[in-house]
Amino acid sequence: MSGTSALVLIDLQKAIDDPGWGVRNNPFAEARGGNSKYRTGQPLHDFKPETAPLSGEAVLGKATCNAFARPGLRTFLYAA
C-alpha cells in the first residue's frame, strides 16, 4: 500500500457499550460467536447514530469482538 492510507474505525457498534462485557478477559469469546452481541440481526449490532456510515462508504461486517479475526479487512485494505 505504498503511497496510500486508510482511516479504519472499529468498535463503533452499540454492542461495545453493553455493560455485560465487563472487563475483557475471555480468550474463548470468539468460539462462542453465536451468542455475540455483534451478530447480525441482534439489536446491538447497529452502528451508534453518531458513527453511522455515510452513503457510499465501505462497511465490512463484524460478528465478533475482534475486527481482525477474519481476513476481510486485510483483503479490503490491500485491494484498495
Side-chain angles (χ1 to χ4, degrees):
M1 290 184 14
S2 178
T4 62
S5 60
L7 174 61
V8 179
L9 304 172
I10 60 171
D11 293 340
L12 300 178
Q13 293 165 292
K14 295 175 183 178
I16 201 68
D17 294 330
D18 185 75
W21 287 113
V23 176
R24 168 86 171 154
N25 188 14
N26 185 355
F28 304 106
E30 287 72 27
R32 292 190 291 264
N35 296 325
S36 174
K37 293 169 176 56
Y38 287 101
R39 188 168 46 95
T40 303
Q42 296 295 317
L44 296 177
H45 182 264
D46 296 338
F47 287 98
K48 297 177 185 182
E50 65 272 16
T51 63
L54 300 175
S55 178
E57 287 185 319
V59 175
L60 291 115
K62 177 174 107 169
T64 68
C65 59
N66 184 345
F68 304 97
R70 293 198 260 177
L73 177 60
R74 177 184 169 87
T75 301
F76 176 80
L77 291 173
Y78 279 94

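Position 1 is the first residue of the sequence, and the numbers go up from there.
Residues satisfying the salt bridge (charged side-chain N to carboxylate O under 4.0 Å, His left out) criterion with D18, sequence neighbours excluded, are K37.
Between the NZ atom of K14 and the CG atom of D46 there is a distance of 5.0 Å, given to the nearest 0.5 Å.
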Can I get a per-line list of side-chain donor-acceptor pairs under 3.5 Å for residues 51-59, giving both atom names and the distance, sequence neighbours left out?
from: T51; atom 1: OG1; to: L12; atom 2: O; distance (Å): 3.3
from: T51; atom 1: OG1; to: K48; atom 2: O; distance (Å): 3.1
from: E57; atom 1: OE1; to: L54; atom 2: N; distance (Å): 2.6

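Note on F76: it clusters hydrophobically with V8, by side-chain heavy-atom contacts below 4.5 Å among ILVMFWY residues.
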